[in-house]
Amino acid sequence: MKKIGILASYNGSGFETIQKAIEDGILDAKVEVIITNNSDAGVLEKAKKYGIKSFVINSKLFPNENLDLKIVQTLKEFACDYIFLSGYMKKIEDNLLKTFPNKIINTHPAILPSIYGGKGMYGHFVHEAVVKNGEKKSGVTIHYVNENYDEGEKILIKELELSENETAETLETKIKDLEKIAIVEAFKKVLA
Ligand SMILES: Nc1nc2c(c(=O)[nH]1)N[C@@H](CN(C=O)c1ccc(C(=O)N[C@@H](CCC(=O)O)C(=O)O)cc1)CN2
Ligand SMILES: NCC(=O)N[C@@H]1O[C@H](COP(=O)([O-])[O-])[C@@H](O)[C@H]1O
């Protein structure tokens with residue numbers, strides 16, 4: 001059974017999607033550990049709810065430590081096979097990339113490659129830009145992570161069409177619903 005480590009900065013909705021798919025027998029895997037950079041992250045409550053060990057790793061708590069190495073050390077302690085970025089807002093750096101080559105998976109709330117990826121394109125900013133530019137479609141991209149933001153090999157893309165009166169808020173809700181399907185489908189492919 002493959003072991004998954006989670007990195008999240010906020011609510012970790014993607015993590016909960018994976019956890020529910022595991023509990024429903026859809027994914028043959030186990031979430032071993034959750035790491036966040038944000039001591040107020042909602043994902044910490046979710047970790048408690050599902051009985052999964054969690055850690056806050058950031059420069060405020062560990063001012064004199066290499067956070068990249070500390071994250072690697074933690075993920076290795078739990079013998080993780082895959083790392084899933086469930087709304088993680090920090091750059092994945094060299095040690096993590098080298099320790100888990102082609103094993104770090106991210107969900108991005110837009111179609112990639114596009115102008116809706118890269119530095120500054122995260123969370124609500126993505127949906128605001130898509131609506132502002134009058135795009136007719138958007139979607140979700142699940143991809144492996146490389147050294148640059150949102151440029152890794154694609155695993156799966158799911159698209160949706162914007163409605164006439166779409167707002168960034170309504171689009172974010174639709175994208176998050178689409179993400180639930182995309183994440184499970186992508187992990188079924190990866191774990192096969
Ligand atoms: N090496 C990589 N690291 C990360 C990737 C990746 O593809 N390669 N994906 C991101 C997730 N992400 C989009 O899917 C993303 C997250 C954050 C940013 C961004 O611009 N962040 C800001 C800082 C925001 C903050 O501190 O709250 C920044 O870098 O200025 C872009 C894309 C996760 N890591
Ligand atoms: N560029 C990365 C990015 O924007 N990721 C997005 O952050 C959200 C996190 O939501 P959550 O905190 O509710 O899980 C998710 O929708 C994810 O696609």
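Index from 1, following the sequence. We count ligands from 1, going down the list as the structure has it; atoms in each ligand are counted the same way.
Given atom 17 (C) of ligand 2, the protein heavy atom at minimum distance is Glu179 OE2, 3.3 Å. Summary of contacts: the protein heavy atom closest to atom 26 (O) of ligand 1 is Lys90 NZ, 2.8 Å. Taking atom 13 (C) of ligand 1 as the reference point, the nearest protein heavy-atom neighbour is Asp150 OD1, 3.0 Å. Nearest protein neighbour of atom 13 (O) of ligand 2, counting heavy atoms only, is Lys176 NZ, 2.5 Å. At the shortest separation from atom 3 (C) of ligand 2 among protein heavy atoms lies Pro109 CD, 3.6 Å. The nearest heavy-atom contact from the protein to atom 23 (C) of ligand 1 is Met89 O, 3.6 Å. Of the protein's non-hydrogen atoms, the one nearest atom 29 (O) of ligand 1 is Tyr149 OH, 2.7 Å. Of the protein's non-hydrogen atoms, Ile92 N, 2.9 Å is the one closest to atom 3 (N) of ligand 1. With respect to atom 12 (O) of ligand 2, the closest heavy atom belonging to the protein is Asn11 N, 2.9 Å. In this structure, atom 28 (C) of ligand 1 lies nearest to the protein heavy atom Lys119 NZ, 3.4 Å. The protein heavy-atom contact nearest to atom 4 (O) of ligand 2 is Gly123 N, 2.6 Å.
Salt-bridge check for Glu45 with Lys48: passed, with a basic side-chain N closer than 4.0 Å to an acidic carboxylate O.
Among Asn146, Leu112, Asn37, the residue whose heavy atom lies closest to atom 2 (C) of ligand 1 is Asn146. Counting heavy atoms only, Gly120 comes closest to atom 20 (O) of ligand 1 of the residues Gly117, Gly152, Gly120. The nearest non-hydrogen atom to atom 11 (P) of ligand 2, considering only Ser9, Ser13, Gly87, comes from Ser13.
Considering backbone and side-chain atoms alike, Tyr88 places every N or O at 3.5 Å or more from each N or O of ligand 1.
Shown in contact with Gly12 at under 4.0 Å from a heavy atom are these atoms of ligand 2, numbered in order with element: 11 (P), 12 (O), 14 (O). Atoms of ligand 2 lying under 4.0 Å from at least one heavy atom of His108, given by number and element, are 1 (N).
Side-chain atoms of Glu23 and Tyr50 include no donor-acceptor pair closer than 3.5 Å. Using modelled atom types, one finds a donor on one side chain and an acceptor on the other under 3.5 Å when comparing Thr167 with Thr170.
Under the 3.5 Å distance criterion, the side-chain polar atoms of Asp68 are matched with a main-chain donor or acceptor of Asn95. The main-chain N or O of Ile26 is never found under 3.5 Å from a side-chain atom of Asp24 such that the two would form a donor-acceptor pair. Lys3 contributes no side-chain N or O that, together with a main-chain N or O of Ala29, makes up a donor-acceptor pair within less than 3.5 Å. With hydrogens and angles disregarded, a donor-acceptor distance shorter than 3.5 Å links the side chain of Asn38 to the backbone of Ser9.
By the 4.0 Å heavy-atom criterion, His143 is counted among the residues contacting ligand 1. Residue-ligand proximity: Val126 is placed with every non-hydrogen atom at 4.0 Å or more from ligand 2. Distances from ligand 1 to the non-hydrogen atoms of Gly118 include at least one value under 4.0 Å. Contact annotation: Glu16 has no heavy atom less than 4.0 Å from any atom of ligand 2.
With a heavy-atom cut-off of 4.0 Å, Asn148 touches ligand 1 through its backbone alone. The proximity of Glu172 to ligand 2, defined as any non-hydrogen pair under 4.0 Å, does not occur for either the backbone or the side chain. Looking at Tyr122 against ligand 1, only its side chain comes within 4.0 Å, counting heavy atoms. Heavy atoms of Asn106 found under 4.0 angstrom from ligand 1 belong exclusively to the side chain.
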_Test log, rule salt bridge (Lys or Arg N to Asp or Glu O under 4.0 Å), inputs Lys174 and Glu166_ = CA-CA 10 Å; Lys174 289 179 183 175; Glu166 201 77 72; 2.7 Å; yes

*Stepwise, does the salt bridge (Lys or Arg N to Asp or Glu O under 4.0 Å) test hold for Lys158 with Glu179?*
CA-CA 8 Å; Lys158 283 203 171 295; Glu179 226 167 17; over 6 Å; no

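Under the side-chain hydrogen bond (donor to acceptor under 3.5 Å, both in side chains) criterion, the residue pairs touching residues 70-79 are Glu65-Lys70, with sequence neighbours excluded.
Within a 6.0 Å sphere centred on CZ of Phe62, other residues, nucleotides and ligands contribute more than 12 heavy atoms. Within a 6.0 Å radius of NZ in Lys188, no more than 12 heavy atoms belonging to other residues, nucleotides or ligands are found.
Applying the side-chain contact (heavy atoms from CB on, under 4.5 Å) test between Leu85 and each of Ile104, Ile6, Ile105 identifies Ile104 as the sole match.
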